[in-house]
Student: 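Starting off with a structure, shown below.
Residues: numbered from 1 along the sequence shown. Nothing here was measured: the structure is a model prediction, and the numbers come from that model. As the structure lists them, so they are numbered: ligands from 1, and atoms in each ligand from 1.
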Amino acid sequence: MRVLSGIQPSGKLHIGNYFGAIAQMVKQQEEHDLFAFIPNYHALSGSVKLDDLEKNTIEAAIDFLSLGVDPNKTLFWVQSHVKEVLELYWILSRYTPVGLLERAHSYKDKVAKGIASSHALFSYPVLMAADILLYDAQIVPVGKDQIQHLEMTRDTAIKFNNEHGDIFTLPDALVVKELATVPGIDGAKMSKSYGNTIEIFMDEKPLQKRCNKIVTDSTPLGEPIEYEGNNVYALLCLFSTPTEIEELKVIYKSGELGHGHFKKILKDKIWEHFGEAREKRAYYLEHTDEVKEILNEGAKKASAIASKKMEIIREKIGIV
Ligand code: ADP
Ligand code: TRP
């Protein structure tokens, strides 16, 4: 089974990115062929400052490696190192009705939030389809917000296949229900664009400060706290075993401890969970040449696959 996914290098990775995408990828690489890449062209669709793009790209790669993407098991590269993806993006545009793109929630949400509506933002799902179809990915682990993009990818692939034969593999999204939407500190979906994230690699003090900012109700100390719908509890569940969750519920119900106590436990859990990754990250930050070498090796292998696939596609559509 070929599994493929990536996260744009548009800012620091957060806990939502981890549970919604990276943790799934790391798991998949044990049993399947994982293709993991840094979609840096996609970052041109947003409002990030391009001065930081190069740095963000290498840092995203470092974060992936630190969090467990293993280059001995996984093909790992930077999107822009394999130019065929842009060629396929243009070709797929022919099979993508404007109406389909106009219905994209992600596009509509971003424009509603004031992000400038560029052609890059609008056609972003076509580039994503090219990423997936170029490598014949079968499974794409993502968070809930990306499901529609996967449906669009399938629609485009079906249209192409109907005209030219069975060229593209139809991919399926892999979304783990409980992890589909990790809440941010305000209870809305955790997202870089909402400014409500908890970054994976924060220092310990700022991490505690961030956890303290998580919005909770105003239950006074001494009264039981309702844990259903409580943002701290929802985040704690991600880092806890079922037994620990049961224990947490008992303490919440007892009313003996206030919200501050649970925010401290959350900080400790996050800090501990990413301890090993933090050490690896410190190493890679000092050895960026090693990271670039890993990415170059990945790009060579990805290029070989992409150029073969493009030959077939070009021939089918008469681009010679
Ligand atoms: P952001 O919303 O912060 O810009 P991206 O859109 O770059 O994040 O998402 C990168 C990956 O992480 C995608 O697969 C996305 O579905 C997943 N993801 C992002 N935020 C969350 C979240 N809050 N819960 C679960 N998965 C998420
Ligand atoms: N759209 C994804 C995100 O916002 C990034 C991405 C680009 C992607 N191409 C992809 C994810 C292909 C999975 C497969 O993070």
Student: I'd like to know if the side chain of Lys263 reaches the main chain of Asn212, judged simply by a donor and an acceptor atom lying under 3.5 Å from each other, with no hydrogens or angles considered.
Tutor: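 Yes, the answer is positive, given that a donor and an acceptor are paired below the 3.5 Å cut-off.
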
Student: Could you check, using the six-membered ring where one of them is a Trp, whether Trp271 and Phe239 have ring centers closer than 6.0 angstrom?
Tutor: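 They do not qualify: ring centres at least 6.0 Å apart.
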
Student: So which bit of Ile7 gets within less than 4.0 Å of ligand 1, heavy atoms only: side chain, backbone, both or neither?
Tutor: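 It is the side chain that gets close, since no backbone atom is under 4.0 Å.
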
Student: Look only at the side chain of Glu244 and the backbone of Thr241, and say whether a donor-acceptor pair between them is shorter than 3.5 Å.
Tutor: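 Pair found, side chain donor or acceptor close to backbone of Thr241.
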
Student: Considering both backbone and side-chain atoms of Val182, is one of its nitrogen or oxygen atoms within less than 3.5 Å of a nitrogen or oxygen in ligand 1?
Tutor: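 There is such a contact, yes.
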
Student: Once side chain to side chain contact (heavy atoms under 4.5 Å, CB included) is applied, do any residues pair with Asn230, and if so which ones, sequence neighbours excluded?
Tutor: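 For Asn230 the side chain to side chain contact (heavy atoms under 4.5 Å, CB included) partners, ignoring immediate neighbours, are Thr216, Ile225, Val232, Tyr233, Tyr252, His259.
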
Student: Which bit of Gln8 is near ligand 1, meaning a heavy atom under 4.0 Å away: side chain, backbone, both or neither?
Tutor: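 Within the 4.0 Å criterion, Gln8 makes no contact with ligand 1.
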
Student: What residue pairs, at least two apart or across chains, pass ring-ring contact (aromatic ring centres under 6.0 Å, His included) with a residue in residues 287-316?
Tutor: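 Listed by first then second residue: Tyr283-His287.
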
Student: Within a distance under 4.0 Å of any heavy atom of Asn17, pick out the atoms of ligand 1 and give their elements.
Tutor: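 Selected atoms, number and element: 8 (O), 9 (O), 10 (C), 11 (C), 12 (O), 18 (N), 19 (C).
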
Student: So which bit of Ala21 gets within less than 4.0 Å of ligand 1, heavy atoms only: side chain, backbone, both or neither?
Tutor: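 Just the side chain.
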
Student: Quick check: do Glu102 and Lys108 have side-chain heavy atoms less than 4.5 Å from each other?
Tutor: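 No, their side chains stay 4.5 Å or more apart.
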
Student: How about Ser10 and Asn56: do any of their side-chain heavy atoms sit closer than 4.5 Å?
Tutor: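 They are not in side-chain contact.
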
Student: Would you check whether Lys189 has a nitrogen or oxygen atom less than 3.5 angstrom from a nitrogen or oxygen atom of ligand 1?
Tutor: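 Right, the criterion is met.
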
Student: Regarding ligand 1, does Asp145 bring an N or O atom to under 3.5 Å of one of the ligand's N or O atoms?
Tutor: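 The answer is yes, given that Asp145 and ligand 1 share an N or O pair closer than 3.5 Å.
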
Student: Partners of Ala282 by side chain to side chain contact (heavy atoms under 4.5 Å, CB included), sequence neighbours excluded?
Tutor: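 With sequence neighbours excluded, Ala282 shows a side chain to side chain contact (heavy atoms under 4.5 Å, CB included) to no residue whatsoever.
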
Student: By number and element, which atoms of ligand 1 are closer than 4.0 Å to a non-hydrogen atom of Met190?
Tutor: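 Near Met190, the atoms of ligand 1 are 20 (N), 21 (C), 22 (C), 23 (N).
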
Student: Would you mind reporting whether His149 and Tyr124 have side-chain heavy atoms less than 4.5 Å apart?
Tutor: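 Sidechains of His149 and Tyr124: in contact.
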
Student: Regarding ligand 1, does Lys192 bring an N or O atom to under 3.5 Å of one of the ligand's N or O atoms?
Tutor: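 Min N/O separation from ligand 1 is below 3.5 Å for Lys192.
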
Student: For each nitrogen or oxygen atom of ligand 2, which protein N/O atoms lie closer than 3.5 Å, and how far apart are they, rounded to 0.1 Å?
Tutor:
{"from": "ligand 2", "atom 1": "1 (N)", "to": "Tyr124", "atom 2": "OH", "distance (Å)": "2.5"}
{"from": "ligand 2", "atom 1": "1 (N)", "to": "Gln146", "atom 2": "OE1", "distance (Å)": "3.1"}
{"from": "ligand 2", "atom 1": "4 (O)", "to": "Tyr124", "atom 2": "OH", "distance (Å)": "2.7"}
{"from": "ligand 2", "atom 1": "4 (O)", "to": "Gln146", "atom 2": "NE2", "distance (Å)": "3.2"}
{"from": "ligand 2", "atom 1": "9 (N)", "to": "Asp131", "atom 2": "OD2", "distance (Å)": "2.7"}

Student: Do the ring centers of His14 and Tyr194 come within less than 6.0 Å of each other?
Tutor: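 His14 vs Tyr194: aromatic centres not under 6.0 Å.
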
